[in-house]
Asker: 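Here it is: the structure, laid out below.
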Amino acid sequence: MADRLRVCALYPDLMNIYADRGNMLMLERRCAWRGIGFELTAAGLGEPVDPDAHDLFYLGGGQDRDQKLCAQDLVDTKREALHAAADRGAIVLGICGGIQLLGDHYELGTERVPGIGLVDLHTVRSIDGSRLIGNVAIEVQLPGLDGPRTLAGFENHGGRTFLATGEQPLGRVLRGHGNDGRSGVEGVRRGTVIGTYLHGPLLPKNAWFADWLLATALRIEPAALAPLDDALEDAAHQSARHAAGV
Ligand code: GLN
């Protein structure tokens with residue numbers, strides 16, 4: 001097993017609207033408690049990324065305005081590297097604004113914000129400006145885990161995301177709106193490329209998922225990670241599930 005987790009946070013100053021730093025902190029803590037090193041690198045506007053230098057790339061949530069700034073930059077300076085990273089099995093995790101930019105495009109009225117096409121989906125901003133807001137819970141099946149698990153979080157998006165035929169969602173909506181408020185599915189997962197609208201932030205509310213990401217990024221089975229005392233994390237998870245009504 002690698003002795004450290006190497007994380008690259010994409011645009012941490014612009015795409016961070018829902019406490020995305022909490023997700024980084026969660027990964028850092030869970031590594032530290034197990035004696036696994038943790039390396040966090042930031043890549044902002046105009047800065048290229050090395051596809052081989054990181055195990056997990058993180059793209060957080062953003063307002064439409066900030067997303068637009070990042071979208072073209074992603075296409076111009078990071079698209080190829082992120083494709084190469086995904087091809088070699090690195091995790092690419094996009095949350096909220098992030099999932100929208102992992103797809104083909106984000107339609108904002110007459111404007112078409114480009115995505116990097118790591119997954120086949122597109123997003124359309126609602127014409128009346130209405131947002132899909134609230135606590136949400138989804139049921140998820142992931143490789144290396146014995147059965148379905150629940151992810152709980154909070155969603156707040158104006159965009160409706162549509163998966164192309166054959167593209168798999170991250171999970172099935174138990175409570176909440178999900179990708180578009182109708183399809184009953186949430187997020188996307190193609191191998192190690194994952195997108196979701198769940199934030200709040202996501203990982204402190206779902207320690208099991210933080211561990212799954214960590215293990216997958218380090219290329220070990222989740223069960224091979226040393227167990228931790230998760231009394232507080234379990235309470236946070238239960239509270240988030242309760243808020244969603246699950
Ligand atoms: N700007 C996007 C939307 O409203 C994403 C918002 C977010 O990241 N919370 O759909």
Side-chain angles (χ1 to χ4, degrees), residues 9-24 26 42-45 57-75 78 82 92-138 151-164 167 169-171 173 175-183 185-189 193-206 209 240 243-244:
L10 300 163
Y11 315 104
D13 49 342
L14 292 167
M15 300 290 281
N16 62 4
I17 195 170
Y18 282 103
D20 292 280
R21 272 185 56 225
N23 287 327
M24 299 298 97
M26 183 75 174
L45 291 174
F57 293 82
Y58 181 83
L59 184 57
Q63 296 291 10
D64 291 343
R65 186 190 58 238
D66 295 326
Q67 260 177 272
K68 276 196 264 180
L69 277 176
C70 298
Q72 195 59 48
D73 186 76
L74 262 181
V75 172
K78 300 175 181 62
L82 291 172
V92 182
L93 175 64
I95 299 197
C96 207
I99 181 179
Q100 298 173 343
L101 298 184
L102 296 184
D104 184 71
H105 65 271
Y106 179 22
E107 214 174 285
L108 277 166
T110 54
E111 208 175 335
R112 191 178 258 237
V113 178
I116 53 171
L118 272 177
V119 281
D120 198 0
L121 60 80
H122 74 282
T123 302
V124 181
R125 187 74 146 92
S126 67
I127 295 164
D128 61 3
S130 64
R131 303 185 69 82
L132 303 177
I133 303 176
N135 292 294
V136 49
I138 65 173
L151 275 180
F154 188 81
E155 61 184 326
N156 181 354
H157 47 113
R160 273 60 168 170
T161 292
F162 304 96
L163 305 184
E167 199 66 85
L170 175 62
V173 175
R175 289 293 166 86
H177 301 288
N179 283 350
D180 61 356
R182 291 176 185 199
S183 59
V185 296
E186 204 289 322
V188 67
R189 186 173 79 83
V193 178
I194 297 168
T196 178
Y197 275 110
L198 271 61
H199 46 60
L202 172 71
L203 300 185
K205 293 180 176 183
N206 300 281
F209 187 57

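Count residues from 1 along the sequence. Atoms within each ligand, like the ligands themselves, are counted from 1 in listed order. Every value quoted in this text rests on a predicted model; they were computed, and no experiment measured them.
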Asker: Among all protein heavy atoms, pick the one closest to atom 3 (C) of ligand 1 and tell me residue, atom and distance.
Answerer: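 For atom 3 (C) of ligand 1, the nearest protein heavy atom comes out as G158 N, 3.4 Å.
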
Asker: Considering N156, L132, D64, which one's heavy-atom position lies nearest to atom 1 (N) of ligand 1?
Answerer: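 Residue with the shortest heavy-atom distance to the ligand atom: D64.
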
Asker: Should you measure from each heavy atom of Y106, which atoms of ligand 1 turn up under 4.0 Å away?
Answerer: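 Under 4.0 Å from Y106, ligand 1 has these atoms: 2 (C), 3 (C), 10 (O).
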
Asker: As an exercise, identify every atom of ligand 1 less than 4.0 angstrom from a heavy atom of G61.
Answerer: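 Numbered from 1, ligand 1 contributes 8 (O).
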
Asker: Between ligand 1 and Y197, can you find any atom pair, the residue atom being a heavy atom, that is separated by under 4.0 Å?
Answerer: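 Judged by the 4.0 Å heavy-atom criterion, Y197 does not count as contacting ligand 1.
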
Asker: Do you see a donor-acceptor pair shorter than 3.5 Å between the side chains of N16 and R21?
Answerer: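 On atom types as modelled, these side chains do not qualify, holding no pair under 3.5 Å.
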
Asker: Is there side-chain contact between K205 and L198, with at least one heavy-atom pair below 4.5 Å?
Answerer: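 No, their side chains stay 4.5 Å or more apart.
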
Asker: So is R131 close enough to ligand 1, meaning a heavy atom under 4.0 angstrom away?
Answerer: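 The answer is yes, since R131 has a heavy atom less than 4.0 Å from ligand 1.
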
Asker: Kindly indicate whether the side chain of H122, heavy atoms from C-beta on, has any atom under 4.5 Å from the side chain of Y106.
Answerer: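 A side-chain contact is absent here, since even the closest heavy-atom pair is not under 4.5 Å.
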
Asker: Look only at the side chain of E167 and the backbone of D120, and say whether a donor-acceptor pair between them is shorter than 3.5 Å.
Answerer: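 Answer holds: yes.
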
Asker: How far is atom 10 (O) of ligand 1 from the closest protein heavy atom, and which atom is that?
Answerer: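 Of the protein heavy atoms, G159 N, 2.7 Å lies nearest.
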
Asker: Which protein heavy atom lies closest to atom 6 (C) of ligand 1, and at what distance to 0.1 Å?
Answerer: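 Here the nearest protein heavy atom works out to G62 O, 3.3 Å.
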
Asker: Identify the protein heavy atom lying closest to atom 7 (C) of ligand 1, giving its residue, its atom name and the separation to 0.1 Å.
Answerer: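 The answer is C96 SG, 2.9 Å.
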
Asker: Using the side-chain hydrogen bond (donor to acceptor under 3.5 Å, both in side chains) rule, pick out the option among R131, H199, H177 that qualifies with N156.
Answerer: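 Looking at R131, H199, H177, the match for N156 under the side-chain hydrogen bond (donor to acceptor under 3.5 Å, both in side chains) is R131.
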
Asker: Should Q67 be counted as touching ligand 1, given the test is an N or O pair under 3.5 Å?
Answerer: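 There is such a contact, yes.
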
Asker: Please tell me if the side chains of R160 and S130 come closer than 4.5 Å, counting only heavy atoms from C-beta onward.
Answerer: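 They are in side-chain contact.
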
Asker: Under 4.0 Å from a heavy atom of G97: give me the atoms of ligand 1 that qualify, with their elements.
Answerer: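 Counting from 1, the qualifying ligand atoms are 5 (C), 7 (C), 8 (O).
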
Asker: So, regarding I17 and ligand 1 (criterion: nitrogen or oxygen to nitrogen or oxygen, under 3.5 Å), is there a contact or not?
Answerer: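 No, there is no polar N/O contact under 3.5 Å.
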
Asker: Check V92, L82, L101 against I116 for a side-chain contact (heavy atoms from CB on, under 4.5 Å) and give me the one that passes.
Answerer: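 Answer after filtering V92, L82, L101: L82.
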
Asker: For N179, which of T196, T161, V173, L121 qualifies under side-chain contact (heavy atoms from CB on, under 4.5 Å)?
Answerer: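 Result for side-chain contact (heavy atoms from CB on, under 4.5 Å) with N179: T161.
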
Asker: Q100: heavy atom below 4.0 Å from ligand 1, yes or no?
Answerer: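 Judged by the 4.0 Å heavy-atom criterion, Q100 does count as contacting ligand 1.
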
Asker: Go through the side-chain N and O atoms of Y11 and D73 and say whether any donor and acceptor fall under 3.5 Å apart.
Answerer: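 Distance-only check passes for Y11 and D73.
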
